[in-house]
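Reading through the structure tokens given below for one structure.
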Amino acid sequence: MQYQSTRAGLIKPSPSMAISIEARRMTAAGVPVVDLSLGEPDFATPPHVLAAAAAAMRRGETRYTAADGTPELKDAIVLKFGRENGLSFQRGEVTAANGAKQIIFNALMATLEPGDEVLVPAPYWVSYTDIVLLLGGEPKVLPCPVEDDFKLTPEALDRALTKQTRWVMFNAPNNPCGAAYSREELAALGAVLARHPQVLVMSDEIYEHINYTQTPFCSFLTACPELCERLLIVNGVSKTYAMTGWRIGYAAGPAPLIATMAKIQSQSTSNPCSIAQAAAVAALTGPQDFVAQAVEEYRARKDLVTEGLNAIAGLKTRSPEGAFYAYPECSALLGRRTPAGKVIADDTDLVSYLLSDGHVAAVQGSAYGLEPYFRVSFATSREQLTTAIERIGDAVKRLEP
């Protein structure tokens with residue numbers, strides 16, 4: 001009996017989730033693993049958000065809502081884009097779903113035809129290419145090397161665009177490397193896209209508030225308003241407000257696209273959790289003090305991790321401008337042998353060694369489309385990060401030429 005379609009066979013489980021599960025298994029077995037594999041804030045959800053959820057339950061808001069979000073949540077999303085990005089939307093131009101991942105899934109399902117190309121700059125979030133494959137599209141990976149600060153250049157974009165291109169997927173600040181773009185850099189990309197009116201643009205801005213530069217974050221649409229009829233902004237409350245488990249993602253874009261996404265959601269999951277929607281309203285409209293405090297702590301962790309990794313012989317780490325990940329380059333360690341005699345052939349072998357011998361969980365760069373690197377999340381305590389850096393350094397020292 002066959003229980004997997006050809007299309008399902010094209011994709012794999014999330015690498016970061018698989019590594020985290022193994023780290024938890026080892027921890028349960030008594031091995032003290034420091035898990036830096038998942039991008040999940042270690043802070044508690046802000047108290048006023050918890051209070052809003054409890055109040056919603058007491059009011060009896062425990063029933064179905066509109067498939068893609070309550071009017072209150074849509075109004076809060078509209079308010080957020082106006083207040084923080086200088087963008088004006090109507091209710092019919094915004095949508096909410098069970099996390100940003102479902103937003104991306106809905107948008108691609110709404111628009112992709114078999115064989116459509118989707119341009120994905122690398123390094124990229126692990127799910128982008130698999131979602132494209134699952135929905136019948138063809139991911140076209142565009143490597144963005146460290147020499148270009150892991151950023152997509154207008155020249156590379158122009159060379160990659162074809163008549164088959166349906167979407168360009170864009171993520172900044174970037175997971176896994178933390179690269180961010182200036183308004184001028186976004187405008188230069190927009191100038192290229194303006195010459196290709198058939199191409200849709202997806203801008204994943206879920207890390208917009210986790211910014212370490214002196215330049216305020218600029219939304220792609222703010223920089224390129226001329227793309228308003230074909231640009232979808234993806235965002236959510238998970239990273240900014242430490243609400244990963246609440247599963248609320250949202251988007252803003254052209255009303256016809258939003259309507260098609262809502263139709264798809266009505267036949268798949270229907271509405272996001274009603275209680276989580278009420279909590280998201282409080283997060284988006286309530287006090288924002290938590291955000292600035294969290295970013296300052298992330299900044300301290302970023303410095304600790306970047307300096308610590310760069311002090312380890314064989315690793316080179318670019319300081320991220322945003323998000324909460326470091327992406328060290330590890331080519332100098334390839335070809336070396338573990339104490340057990342196994343050759344480190346690639347970054348997958350390296351992260352396997354770091355987990356088994358160093359008891360630190362990281363994710364291989366090949367999962368993000370650019371190797372040899374590995375990703376570590378610094379969304380955990382400084383104490384844990386200090387321990388992890390020490391363990392990685394000790395494990396690297398034990399590698400033999």
Side-chain angles (χ1 to χ4, degrees), residues 64-82 85-120 128 131-132 134-139 161-171 186 189-206 219-236 248-272 277 280 284:
Y64 295 130
T65 73
D68 70 335
T70 63
E72 293 79 12
L73 178 53
K74 289 194 171 192
D75 287 347
I77 294 167
V78 168
L79 178 67
K80 173 260 183 282
F81 280 116
N85 307 109
L87 297 170
S88 178
F89 292 105
Q90 304 298 318
R91 278 187 191 171
E93 296 170 314
V94 299
T95 182
N98 296 281
K101 185 180 288 188
Q102 188 182 24
I103 291 285
I104 295 167
F105 195 97
N106 288 348
L108 296 179
M109 178 173 277
T111 53
L112 284 183
E113 300 289 354
D116 282 351
E117 287 182 352
V118 178
L119 302 189
V120 185
Y128 289 158
I131 293 174
V132 172
L134 189 60
L135 297 175
E138 296 183 5
L161 289 165
T162 72
K163 292 181 179 179
Q164 286 71 48
T165 305
R166 182 59 168 150
W167 281 95
V168 174
M169 301 187 76
F170 187 82
N171 172 219
L186 294 174
L189 294 172
V192 174
L193 290 163
R195 300 196 295 269
H196 298 268
Q198 85 284 4
V199 176
L200 296 168
V201 183
M202 183 180 298
S203 184
D204 183 347
E205 301 177 0
I206 200 163
S219 173
F220 206 138
L221 187 57
T222 305
C224 305
E226 68 277 10
L227 298 179
C228 64
E229 293 302 317
R230 50 195 178 99
L231 192 150
L232 181 75
I233 303 173
V234 179
N235 212 316
I248 297 292
Y250 59 86
L257 173 59
I258 295 296
T260 307
M261 292 167 62
K263 178 173 66 173
I264 289 168
Q265 188 160 305
S266 74
Q267 296 292 1
S268 57
T269 63
S270 195
N271 65 275
Q277 289 189 66
L284 293 171

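For the numbers below, each heavy atom of this structure counts, side chains included, while hydrogens, waters and symmetry mates do not.
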> Is there a side-chain contact between R91 and D75, using heavy atoms and a 4.5 Å cut-off?
Replying inline: yes

>> Which residues pass the salt bridge (charged side-chain N to carboxylate O under 4.0 Å, His left out) test with K101, not counting sequence neighbours?
In response: none

> Which pairs with one or both residues in residues 195-205 pass side-chain hydrogen bond (donor to acceptor under 3.5 Å, both in side chains), sequence neighbours excluded?
Replying inline: Y128-D204, D158-R195, S203-E205, E205-S219

> Which atoms form the tightest heavy-atom contact between P272 and N98, and what is the distance?
Replying inline: CA-OD1, 3.4 Å

> Does T65 reach the side chain of L73, with side-chain heavy atoms less than 4.5 Å apart?
Replying inline: no

>> Would you compute the distance between atom CG of L119 and atom CD of Q164 and round it to the nearest 0.5 angstrom?
In response: 11.0 Å

>> For the CE atom of M109 and the CD1 atom of I104, what is their distance to the nearest 0.5 Å?
In response: 14.0 Å

>> Test of understanding: with side chain to side chain contact (heavy atoms under 4.5 Å, CB included), list the residues that count as partners of S268, not counting sequence neighbours.
In response: Q102, Q265

>> Between E117 and T162 (side chain of the first, backbone of the second, donor and acceptor by atom type, cut-off under 3.5 Å), is there such a pair?
In response: no

> Residues in side chain to side chain contact (heavy atoms under 4.5 Å, CB included) with A67, at least two apart?
Replying inline: S266

>> The criterion is side chain to side chain donor-acceptor pair (under 3.5 Å); which residues satisfy it with N271, sequence neighbours excluded?
In response: none

> Tell me the ring pair (Phe, Tyr, Trp, His ring centres under 6.0 Å) pairs involving residues 87-116, sequence neighbours left out?
Replying inline: F81-F89

> Residues two or more places apart in sequence or in another chain: which of them pass side chain to side chain contact (heavy atoms under 4.5 Å, CB included) with E226?
Replying inline: C224

> Quick one: CD1 on I131 to CG on L108, what's the gap to the nearest 0.5 Å?
Replying inline: 7.0 Å

>> To check you understand the geometry: which heavy-atom pair defines the closest contact between N235 and K80, and what is its length?
In response: ND2-CE, 4.1 Å

> What distance do L221 atom CG and L87 atom CG have between them, rounded to the nearest 0.5 Å?
Replying inline: 5.0 Å

> Minimum heavy-atom separation for R230 to L193, with atom names?
Replying inline: NH2-O, 2.8 Å

>> Give me the atom names and distance for the closest heavy-atom approach of N106 to A97.
In response: ND2-CB, 4.4 Å

>> Give me the atom names and distance for the closest heavy-atom approach of S88 to E93.
In response: O-OE1, 4.4 Å

> What are the two closest non-hydrogen atoms of I258 and G253, and how far apart are they?
Replying inline: CG1-O, 3.7 Å

> Is the closest side-chain heavy-atom distance between E138 and V132 below 4.5 Å?
Replying inline: no

> Is there side-chain contact between L161 and V168, with at least one heavy-atom pair below 4.5 Å?
Replying inline: yes

> Under 3.5 Å, side chain of T222 to main-chain N/O of N85, donor-acceptor pair present?
Replying inline: yes

>> Test of understanding: with salt bridge (charged side-chain N to carboxylate O under 4.0 Å, His left out), list the residues that count as partners of D68, not counting sequence neighbours.
In response: K74

> side chain to side chain contact (heavy atoms under 4.5 Å, CB included) with L257: which residues, sequence neighbours excluded?
Replying inline: A110, T111, W167, L232, P254, M261

> Nearest 0.5 Å, what's the CG-CD1 distance between L284 and I77?
Replying inline: 6.5 Å

> What distance separates L227 CG from L200 CG, expressed to the nearest 0.5 Å?
Replying inline: 10.5 Å

>> Holding to ring-ring contact (aromatic ring centres under 6.0 Å, His included), I want the full list of residues that pass it with F220, two or more places apart in sequence or in another chain.
In response: F170

>> In the structure I gave you, are the side-chain heavy atoms of I206 and V234 within less than 4.5 Å of one another anywhere?
In response: no

